[in-house]
Amino acid sequence: MTVALMWEARAVPGRGGELLAWARRQELPLRPLRRETLRAPQDRVLVITWWDAAYDAELPELPEPDGALVARAVHRWRFESAEDDAERADRGDGRAE
């Protein structure tokens with residue numbers, strides 16, 4: 001199963017570049033299948049990591065940045081691939097193999 005972890009933070013106004021650089025420097029103890037870093041207006045930074053793991057697996061996540069760098073607490077989300085649902089529906093049994 002593929003699990004995606006999403007980490008999103010909003011920098012203090014004018015410090016979006018610093019937050020982006022900080023997020024890019026963060027190393028995880030395990031290497032994800034894929035990692036992507038994005039930015040958005042209002043000095044927001046989003047990091048998505050993809051893992052070959054169960055939905056509830058213990059996976060490394062980016063930490064909280066220094067409170068002086070962010071305008072609010074980090075938001076975190078976890079998603080699982082919907083491809084598995086489509087495969088079960090194609091078999092017509094609703095069960096995983």
Side-chain angles (χ1 to χ4, degrees):
M1 166 183 298
T2 302
V3 176
L5 302 183
M6 297 176 64
W7 176 101
E8 187 261 344
R10 184 174 179 181
V12 170
R15 296 189 68 187
E18 290 176 67
L19 179 60
L20 179 61
W22 178 91
R24 286 180 169 159
R25 285 193 308 269
Q26 301 310 300
E27 293 190 24
L28 298 170
L30 300 173
R31 186 179 182 122
L33 297 172
R34 179 176 168 196
R35 177 175 170 164
E36 191 168 348
T37 304
L38 303 102
R39 61 181 168 186
Q42 301 177 331
D43 294 318
R44 290 177 293 146
V45 174
L46 173 68
V47 178
I48 306 172
T49 55
W50 286 262
W51 304 87
D52 182 16
Y55 182 82
D56 58 354
E58 193 140 334
L59 298 168
E61 296 189 53
L62 270 67
E64 294 277 334
D66 176 38
L69 183 59
V70 292
R72 58 164 169 73
V74 168
H75 292 174
R76 301 170 192 271
W77 300 274
R78 184 178 286 230
F79 293 87
E80 65 184 345
S81 174
E83 295 302 313
D84 295 338
D85 292 340
E87 292 168 6
R88 285 192 294 270
D90 286 345
R91 286 195 306 272
D93 63 5
R95 297 176 301 157
E97 290 184 334

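Residue numbers run from 1 in the order of the sequence given. Worth knowing before you read on, the calculation uses all heavy atoms, side chains too, and leaves out hydrogens, waters and symmetry mates.
Taking 4.5 Å as the limit, every side-chain heavy atom of Glu61 sits out of range of all side-chain heavy atoms of Gln26. At a threshold of 4.5 Å between non-hydrogen side-chain atoms, the residues Leu28 and Arg35 count as touching. For the pair Thr2 and Trp51, the minimum side-chain heavy-atom distance is 4.5 Å or more. When side chains are defined from C-beta on, Phe79 does not count as touching Val3, because their heavy atoms never get closer than 4.5 Å. Contact check for Pro32 versus Trp50: no side-chain heavy atoms found under the 4.5 Å cut-off.
Under the side chain to side chain contact (heavy atoms under 4.5 Å, CB included) criterion, Arg24 pairs with Leu20, Thr37, sequence neighbours left out.
Hydrophobic clustering of Ile, Leu, Val, Met, Phe, Trp and Tyr side chains at less than 4.5 Å, counting indirect connections, unites Leu59 with Leu30. Residues Leu46 and Leu62 do not share a hydrophobic cluster, defined by chaining ILVMFWY side chains whose heavy atoms lie under 4.5 Å apart. Linking ILVMFWY side-chain heavy atoms closer than 4.5 Å, directly or via other members, places Ile48 and Leu5 in two distinct hydrophobic clusters.
Closest of all the heavy-atom pairs between Val45 and Ala23 is CG1-CB, 4.0 Å. For the residue pair Pro65 and Leu19, the shortest heavy atom distance occurs at CG-CD1, 3.9 Å. Between Pro63 and Trp7 the shortest heavy-atom distance is O-NE1, 3.2 Å. In terms of heavy-atom proximity, Ala68 sits nearest to Val12 at O-CG2, 3.4 Å.
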Between Arg39 and Glu8, is a salt bridge (Lys or Arg N to Asp or Glu O under 4.0 Å) present by the stated rule, with each step listed?
-> CA-CA 9 Å; Arg39 61 181 168 186; Glu8 187 261 344; over 6 Å; no
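Arg15 contributes atom CZ, which lies 10.5 Å from atom CG of Asp43 (distance to the nearest 0.5 angstrom). For the atom pair NE2 of His75 and CZ of Arg10, the computed distance is 10.0 Å after rounding to the nearest 0.5 Å. We find the OG1-CE distance between Thr49 and Met6 to be 10.0 Å, quoted to the nearest 0.5 Å.
The neighbour count for Arg76 CZ, taken as heavy atoms of other residues, nucleotides or ligands under 6.0 Å away, is above 12.
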